[in-house]
Amino acid sequence: MQTFTSVEEAFEWFLENIYKNLPPDEKKGELTAAWRNYTHKLGISQKKMVSILERYGFSINVRTIVTYKPD
């Protein structure tokens, strides 16, 4: 089991460990565009990353912590 501290970290791991090992016919279209957009920092939404990760078996549970620390 892998645990990540952010969706971006999980997506980067996916690209390095799963995407690159997919058969060429599966790397077409949306996945190639997502890889290109992430790799070349062209912009990819967190929603799109989550959608792709879930399709490949990731379970996404994102927690946000907001802290206010007065002076």
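Remember, predicted model here, so these are calculated numbers, not experimental data. Along the sequence shown, residues are numbered consecutively beginning with 1. Side chains included, hydrogens not; waters and symmetry mates left out as well; all remaining heavy atoms used.
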Note to self: Once side chain to side chain contact (heavy atoms under 4.5 Å, CB included) is applied, do any residues pair with Pro23, and if so which ones, sequence neighbours excluded?
What the structure shows: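 Pro23 satisfies side chain to side chain contact (heavy atoms under 4.5 Å, CB included) with Asp25, Glu26 once adjacent residues are dropped.
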Note to self: I'd like to check the side chain to side chain contact (heavy atoms under 4.5 Å, CB included) partners of Glu16; sequence neighbours left out, ordered by chain and number.
What the structure shows: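 Partners of Glu16 by the side chain to side chain contact (heavy atoms under 4.5 Å, CB included) criterion, ordered by chain and then number, come out as Glu12.
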Note to self: Test of understanding: with ring pair (Phe, Tyr, Trp, His ring centres under 6.0 Å), list the residues that count as partners of Phe58, not counting sequence neighbours.
What the structure shows: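 For Phe58 there are no ring pair (Phe, Tyr, Trp, His ring centres under 6.0 Å) partners, ignoring immediate neighbours.
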Test side-chain hydrogen bond (donor to acceptor under 3.5 Å, both in side chains) applied to [X] - qualifying residues, sequence neighbours left out:
X     : value
Ser51 : none
Thr5  : Glu9
Tyr19 : none

Check: Quick one: does Leu22's side chain get under 4.5 Å of Lys20's, heavy atoms only?
Finding: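 A side-chain contact under 4.5 Å is absent here.
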Notebook entry, point to check: Looking only at heavy atoms, which two atoms of Ile44 and Ala34 are closest? And how far apart?
Noted result: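 Residues Ile44 and Ala34, closest heavy atoms: CD1-CB, 3.5 Å.
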Note to self: Nearest 0.5 angstrom please: Ile52 CD1 to Tyr56 OH, how far?
What the structure shows: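 That separation rounds to 8.0 Å.
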Notebook entry, point to check: Given Trp13 and Leu53, is the side chain to side chain contact (heavy atoms under 4.5 Å, CB included) satisfied, shown in steps?
Noted result: CA-CA 10 Å; Trp13 185 91; Leu53 292 171; over 6 Å; no
Next item on the list: May I have all residue pairs that pass salt bridge (charged side-chain N to carboxylate O under 4.0 Å, His left out) and include part of residues 33-62, sequence neighbours excluded?
Entry: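 Only Glu30-Lys48, Glu30-Arg55 qualify under salt bridge (charged side-chain N to carboxylate O under 4.0 Å, His left out).
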Item checked: Geometric class of the Phe11/Tyr38 ring pair [parallel <30°, tilted 30-60°, perpendicular >60°] ->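 Correct class here is perpendicular.
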